[in-house]
Amino acid sequence: MRNEHELRRSVVSEMHLRRWPALSPDCTVIQFLRQVAEDEREAEMAALARLLLGAEAEPSPNPRHLQAAFAPGIVFNWERHSEATTATLFVTRGAEAALDPHAEADVARALDWMLDLPGKVVRATRIAVVADEDAAAGMLPRFGFEQNDLVSCHVGARDHGPGARIWSDFHLRADGFGAVLVAANGMPPGELSRTLQRLQELGNYRNLALLGLPLAQRGWKVLDGIERQLATLGKRVGSADVTDDALLQEVTGLSMELMTEAAASDFRMSATAAYGRLVEERLADLAIRPCHGFLSLADFTQRRFLPAIRTCAAHRRREDQLAQRTAQFISLFRSRVETRIENQNARLLHSMERSISAQLRLQQLVEGLSVVALSYYLVGLIGYVLKGVEKEWPAIPATLATAAVVPFVVLATWLAIRRIKKRILSA
């Protein structure tokens with residue numbers, strides 16, 4: 001198609017659920033959930049390109065999904081998620097492969113190849129699917145489940161049937177796998193496949209969500225230290241003995257420590273919250289029905305999983321609260337600095353005011369002296385003139401005339417200086 005958007009096909013394929021193949025009783029499902037780093041993606045794609053000899057890959061329009069047949073009755077399924085991938089092996093030759101995957105050569109070869117795929121294993125599960133609960137009762141002792149931790153309930157229960165029944169203690173076996181026993185109880189293959197896929201997605205999202213718990217537990221101690229430092233700084237900010245430079249250095253170090261902790265945990269805490277919501281959705285989709293005398297999957301999840309999710313949520317809330325308190329402290333510290341600067345400015349202005357006032361008084365004194373000096377010189381000049389006049393007209397006494405003009409000269413001089421000053425200031 002012309003002018004097709006480069007992401008169109010990816011978006012369309014994303015809207016289609018990558019379902020498992022239809023499953024019938026007496027089969028085994030083995031699945032790995034791996035966390036794959038970005039620098040391992042190329043190695044992962046190269047490994048998938050080198051499928052086992054004789055394996056036939058089915059064409060797929062979605063590059064995030066691959067399905068191949070290793071041998072008759074052995075199907076491999078691979079799917080990429082945001083930060084992880086799932087690799088699933090479906091063995092339709094019987095449920096015994098869940099107890100000993102290496103008993104059959106083809107299954108052992110496929111499993112060994114899957115074990116070498118890049119990435120760190122977050123979850124590995126072996127699921128045995130049998131026809132009904134009677135068949136499950138015969139196989140149950142061979143799994144060696146811990147009775148005190150055994151979880152059993154019906155999943156996929158609908159109005160027309162009880163749904164499949166599962167058993168698991170969610171413990172890891174010596175080979176690192178978890179084990180689940182499933183009785184189909186007449187569930188149609190397509191519905192059985194979708195139910196088991198939801199069951200596995202529930203467990204996968206649960207483990208991915210719980211990756212944030214150790215980080216939250218370690219970060220809790222860091223936040224304790226930050227909170228103590230913040231309380232100490234709150235006391236020191238009111239002390240006049242502590243310099244602003246010292247407080248600035250301490251609050252900067254505290255802010256950087258909090259930012260580092262938040263940056264290190266923000267993605268994981270956000271992912272934990274998102275995976276937690278997906279776990280709740282899968283629990284609702286499974287339509288769990290409890291079995292008398294056993295802990296149900298919903299009870300197990302609520303007792304063990306929800307407290308961990310709340311711990312991670314509390315860690316994130318505490319980070320936000322400490323960030324707000326740090327911002328408030330910085331605002332208080334800024335107010336302290338601004339108040340000190342304002343006080344310094346006020347003192348400086350007061351000092352400048354005194355200096356200007358002194359200069360003004362000095363200027364007025366100089367101005368008065370200038371009037372006197374100018375008047376003195378003018379009176380002297382007038383006196384010389386009057387003395388000359390007295391020689392021509394003796395009737396005019398020079399001394400008396402000089403004394404008479406002194407007040408007029410002083411007044412005229414003062415008015416002249418004032419007028420000049422006013423003209424200069426108004427210019």
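Numbers here simply count residues along the sequence, with the first being 1. When reading the values below, keep in mind they use all heavy atoms of this one structure, side chains included, and skip hydrogens, waters and symmetry mates. Note that the structure is predicted; figures quoted are calculated from it, not measured.
The salt bridge (Lys or Arg N to Asp or Glu O under 4.0 Å) test applied to Arg198 returns no partner, not counting sequence neighbours. The salt bridge (Lys or Arg N to Asp or Glu O under 4.0 Å) search around Glu261 returns none, not counting sequence neighbours. For Ala314, the side-chain contact (heavy atoms from CB on, under 4.5 Å) test picks out Trp220, Arg317, with sequence neighbours left out. In this structure Thr85 satisfies the side chain to side chain donor-acceptor pair (under 3.5 Å) test together with Glu44, sequence neighbours excluded. Residues that satisfy the side chain to side chain donor-acceptor pair (under 3.5 Å) test with Gln35, not counting sequence neighbours, are Glu83. In this view, Ala262 and Glu319 satisfy the side-chain contact (heavy atoms from CB on, under 4.5 Å) rule, not counting sequence neighbours. Every residue meeting the salt bridge (Lys or Arg N to Asp or Glu O under 4.0 Å) condition with Arg126, not counting sequence neighbours, appears here in chain and number order: Asp175. Taking Arg173 as the reference, Asp169 meet the side chain to side chain donor-acceptor pair (under 3.5 Å) condition, with sequence neighbours excluded. Scanning for ring pair (Phe, Tyr, Trp, His ring centres under 6.0 Å) contacts around Phe76 gives Phe70, Trp113, with sequence neighbours left out. Shown here are the salt bridge (Lys or Arg N to Asp or Glu O under 4.0 Å) partners of Asp39, two or more places apart in sequence or in another chain: there are none.
Within 6.0 Å of CD in Glu42 there are 12 or fewer heavy atoms belonging to other residues, nucleotides or ligands.
Screening residues 131-144 for side chain to side chain donor-acceptor pair (under 3.5 Å) gives Glu96-Arg142, Glu133-His154, Glu133-Arg165, Glu133-Asn185 as the qualifying pairs, with residues at least two apart or on separate chains.
Between Ala84 and Leu33, the closest heavy-atom pair is CB-CD1, 3.9 Å.
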For residues 299-307, tabulate all N or O donor-acceptor pairs below 3.5 Å that involve a side-chain atom, not counting sequence neighbours.
unit_1, atom_1, unit_2, atom_2, d
Asp299, OD2, Ser296, OG, 3.2
Thr301, OG1, Leu297, O, 2.8

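A donor-acceptor contact shorter than 3.5 Å is absent between the side chain of Ser355 and the backbone of Ser351. Under the 3.5 Å distance criterion, the side-chain polar atoms of Asp106 are left unmatched by any main-chain donor or acceptor of Ala71.
Atom CZ of Arg64 is separated from atom CH2 of Trp78 by 8.0 Å, given to the nearest 0.5 angstrom. Atoms CG and CG, from Leu295 and Leu150 in turn, are 9.0 Å apart once rounded to the nearest 0.5 Å.
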